[in-house]
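In what follows, a structure is listed as structure tokens, so that the remarks can point back to it.
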Amino acid sequence: MIDYFEGKSISDISKIDLPLIRSFLSSLQPNQYSKSTLARKQAAIRAFFRWARRMKHIDKDPSRGLFAPRQARRLPKFLRSEEIEALMGA
């Protein structure tokens with residue numbers, strides 16, 4: 001994240017805003033990160049800016065409007081009837 005913002009000539013965290021954070025996150029997607037990885041990165045960004053605001057390094061949290069991507073839900077695994085019968089017979 002630091003390299004990205006320095007590449008945009010931003011060295012002061014108070015100059016970072018929500019559109020810039022979103023552009024950083026969109027720059028990660030071509031790298032084939034999974035949704036859960038992107039969600040962790042967003043959580044880390046939100047935590048960092050909450051910390052920076054608490055420590056009075058910034059006046060306003062630019063990550064406030066940032067929402068995590070929806071996670072894909074997997075169907076539960078289940079036993080086939082043969083497997084159930086084998087367990088019951090054991």
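Remember, predicted model here, so these are calculated numbers, not experimental data. Basis for what follows: all heavy atoms, side chains included, without hydrogens, waters or symmetry-related copies.
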Checklist line | Straight-line distance of S23 OG to L18 CG, nearest 0.5 Å | finding: 10.0 Å
Check: Is any side-chain heavy atom of W51 less than 4.5 Å from a side-chain heavy atom of H57?
Finding: yes
Margin query: For R46 versus S63, what's the shortest heavy-atom pair and its separation?
Written below: CA-OG, 3.5 Å
Note to self: Once rounded to the nearest 0.5 Å, what's the spacing between atom CD of E85 and atom CD of E83?
What the structure shows: 11.0 Å
Notebook entry, point to check: What distance do L25 atom CG and Q42 atom CD have between them, rounded to the nearest 0.5 Å?
Noted result: 5.0 Å
Checklist line | Beyond-backbone contact of I58 with I16, side-chain heavy atoms, under 4.5 angstrom | finding: no
Item checked: Pairwise distance OH(Y4) to CD1(I10) - rounded to 0.5 angstrom -> 8.5 Å
Notebook entry, point to check: In terms of hydrophobic clustering (I, L, V, M, F, W, Y; side-chain heavy atoms under 4.5 Å; direct or indirect links), are M55 and F48 co-clustered?
Noted result: yes
Check: Around atom CG of D59, are there more than 12 heavy atoms of other residues, nucleotides or ligands at under 6.0 Å?
Finding: no
Note to self: Is there a path of hydrophobic side-chain contacts, each under 4.5 Å between heavy atoms of I/L/V/M/F/W/Y residues, joining I45 to I2?
What the structure shows: no
Checklist line | K56 side, atom NZ; R54 side, atom CZ - distance, nearest 0.5 Å | finding: 11.0 Å
Check: Could you state the interatomic distance from CE (M88) to OG (S81), rounded to the nearest 0.5 Å?
Finding: 13.0 Å
Margin query: Which heavy atom of I13 sits nearest to which heavy atom of F49, and what is that distance?
Written below: O-CE2, 4.4 Å
